[in-house]
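Worksheet: one structure, shown below.
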Amino acid sequence: MSRGLAGLVFGIALSAAAGSDDYWTLPVPPQGTAPAGYVEPAKDLSPAACGVCHRKQFREWSSSLHAGSARGGVLGQLPAFDRETQISCLNCHAPRSEQQARFLAADAGQVQSLSGVDCAACHVRRHRRYGPGSKPITPHGRVEALPLFKDAAFCSPCHQFPDWGERVNGKLLENTEQEWRASPYAAAGIGCRDCHMPAGSHAFKGIHDPGMGRRALQVEIRRGQEGIELRARNLGAGHALPTYATPRIRVILRSGGPEGAGLEHIIQRQLQWDPDTGWTEVADTRLGPGQELRLALALEPAADAEAVLFVEPDALYAEQVYPSLEASIGADLDPISLRLLREARHRAGQTGFVLYRARCPPWPGREVVCAIEFDIQLE
């Protein structure tokens, strides 16, 4: 398999070494032996041990993508690659040295899950605790305040490619921090934590969460005499929506009338993989901060209609990345790893959901705003 496909699959890890702050030396150096004065379970760096006291944070983190960042989709493919590539991947998906040592010392397929980007990965260095605020006395010593926790640079080692990172059509594959820095959000002092960790939440919600999507993308659909018009505006994301190439947002307008009129628009950075030429960019229809999409569908006055916005957070993985990986390295994988990879592909294809659905009546004699359904089950 060429490095091009690996560059997307392991794309986040490529930027890990770009973090200039010593705090994000990756992998995170071994913690060593805990000080004798620490009480149990404070010597234990597992998330479950942290959760004994930090119950709310542990509960939120447990359902997050950070908690699941080192499972079958990643670990299932790593046995087919060399040690350098494995570490490059794990630097962001399981960044602690102790996690990586466990995986690298095991036989292929034996480690099927690690604790991902866990509590210690962000808050512990050499058994000393760090955070956005200080606490002088805790069961694990003093918690030291570190300004980096309040800066977007804290997230950038794994969410922003360096200038030398992989580019397609001249643009970095992962450019979230720079998109944010060029936006009005940065100038207003609204950073990553304000949206993705509100009130200190450790759920790290993003494109997979319908509520987060609705805060980011605001939609209005109107029924006029000549048809329906949709306006979708990125009013809540301080970066391109979606920021990465993986998610896809389908905008579908369709008539319920006998003519069956309809149209579909894709909001996505659309990439195409070719084993010989690598990645090419088919289109980039994402919405930058404040940008608006307008679509119109002509209808007969007697026709009703609906508008649907369907989010597929893992579209590229389900349709291109995992199938290409299986085709190129499947024969080199042990049965357990191959099963993990296939299960990851299946899960990636099941994460889609309806973000908005609006029902539009026949022309009522005046322009009206179509009613939007918010209590929508996953599809």
Side-chain angles (χ1 to χ4, degrees), residues 1-18 69-94 103 108-109 112 158-176 207 240 242-250 266-286 312-352:
M1 180 177 69
S2 78
R3 182 63 184 176
L5 179 58
L8 181 66
V9 180
F10 309 129
I12 290 177
L14 284 175
S15 65
S69 65
R71 293 179 182 167
V74 173
L75 301 185
Q77 60 187 271
L78 288 189
F81 295 96
D82 58 59
R83 181 63 59 92
E84 180 183 1
T85 300
Q86 290 175 342
I87 293 174
S88 176
C89 254
L90 292 171
N91 276 348
C92 276
H93 287 272
F103 176 82
Q112 301 179 33
C158 290
H159 292 281
Q160 170 66 48
F161 274 22
D163 286 340
W164 47 262
E166 185 164 359
R167 295 175 182 266
V168 178
N169 195 23
K171 296 179 290 186
L172 290 168
L173 277 173
E174 178 76 19
N175 200 36
T176 304
I207 192 69
T243 182
Y244 199 42
T246 306
R248 176 171 62 217
I249 304 174
R250 295 183 184 271
I266 300 297
I267 303 175
Q268 183 186 27
R269 187 177 181 191
Q270 299 177 55
L271 301 182
Q272 184 65 46
W273 170 254
D274 183 279
D276 297 322
T277 61
W279 291 108
T280 56
E281 183 179 279
V282 178
D284 190 346
T285 55
R286 296 173 298 167
E312 299 164 287
D314 304 298
L316 190 65
Y317 281 93
E319 297 171 2
Q320 294 194 63
V321 173
Y322 288 139
S324 296
L325 281 169
E326 184 174 343
S328 59
I329 65 173
D332 300 326
L333 292 173
D334 61 279
I336 295 177
S337 297
L338 182 58
R339 174 178 58 80
L340 293 175
L341 193 61
R342 288 172 173 170
E343 290 174 349
R345 177 184 178 181
H346 176 75
R347 286 194 301 271
Q350 303 299 309
T351 55

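Atom set for the values below is all heavy atoms of this structure, side chains included, hydrogens, waters and symmetry mates excluded. These figures come from a predicted structure and were not determined experimentally.
- Proximity of Arg167 to Leu173: side-chain heavy atoms (C-beta onward) are nowhere separated by under 4.5 Å.
- Residues Gly73 and Leu341 approach most closely at O-CD1, 4.1 Å, considering heavy atoms.
- Contact record, Ala108 with Asp334: CB-OD1, 3.4 Å, taken as the closest heavy-atom pair.
- A pairwise comparison of heavy atoms in Ile249 and Pro242 identifies CD1-CD, 4.2 Å as the closest pair.
- What you find for Asp274 and Asp276 is that their closest heavy atoms are OD1-N, 2.8 Å.
- Partners of Gln268 according to the side-chain contact (heavy atoms from CB on, under 4.5 Å) rule, which considers only residues two or more places apart in sequence or in another chain, are Arg248, Ile266, Gln270.
- Rounding to the nearest 0.5 angstrom, the gap separating the OG1 atom in Thr351 from the NE2 atom in His346 is 11.0 Å.
- A 4.5 Å side-chain heavy-atom check between Ile87 and Arg83 finds at least one atom pair inside the cut-off.
- Contact annotation: the side chain of Phe81 approaches that of Ile329 to within less than 4.5 Å [non-hydrogen atoms, C-beta and beyond].
- Glu281 is linked by a side-chain contact (heavy atoms from CB on, under 4.5 Å) to Val168, Asn169, Lys171, Arg269, Leu271, Asp284, counting only residues two or more places apart in sequence or in another chain.
- A distance-only check finds a donor-acceptor pair linking the side chain of Ser328 to the backbone of Leu325 [under 3.5 Å].
- Looking only at side-chain heavy atoms (C-beta outward), Leu90 and Leu75 come within less than 4.5 Å of each other.
- Here the shortest heavy-atom pairing between Tyr317 and Ala348 reads CB-CB, 4.4 Å.
- Distance alone, capped at 3.5 Å, is enough to place a donor-acceptor pair between the Gln320 side chain and the Trp273 backbone.
- When the salt bridge (charged side-chain N to carboxylate O under 4.0 Å, His left out) test is applied to Arg339, the partners found at least two apart in sequence or on another chain are Glu343.
- With sequence neighbours excluded, no residue satisfies side chain to side chain donor-acceptor pair (under 3.5 Å) with Asp163.
- Judged purely by distance below 3.5 Å, without hydrogens or angles, the side chains of Ser88 and Asn91 never pair a donor atom with an acceptor atom.
- The minimum heavy-atom distance linking Gly109 with Ile336 is given by the pair O-CG2, 3.3 Å.
- Applying the side-chain contact (heavy atoms from CB on, under 4.5 Å) criterion to Ala344, with sequence neighbours excluded, gives Tyr322, Arg347.
- Annotation: side-chain contact (heavy atoms from CB on, under 4.5 Å) contacts of Leu338 (sequence neighbours excluded): Glu326, Leu333, Arg342.
- Between the CZ atom in Arg286 and the OG1 atom in Thr243 there is a gap of 6.0 Å [rounded to 0.5 Å].
- Glu174 CD to Cys158 SG: the interatomic distance, rounded to the nearest 0.5 Å, is 9.5 Å.
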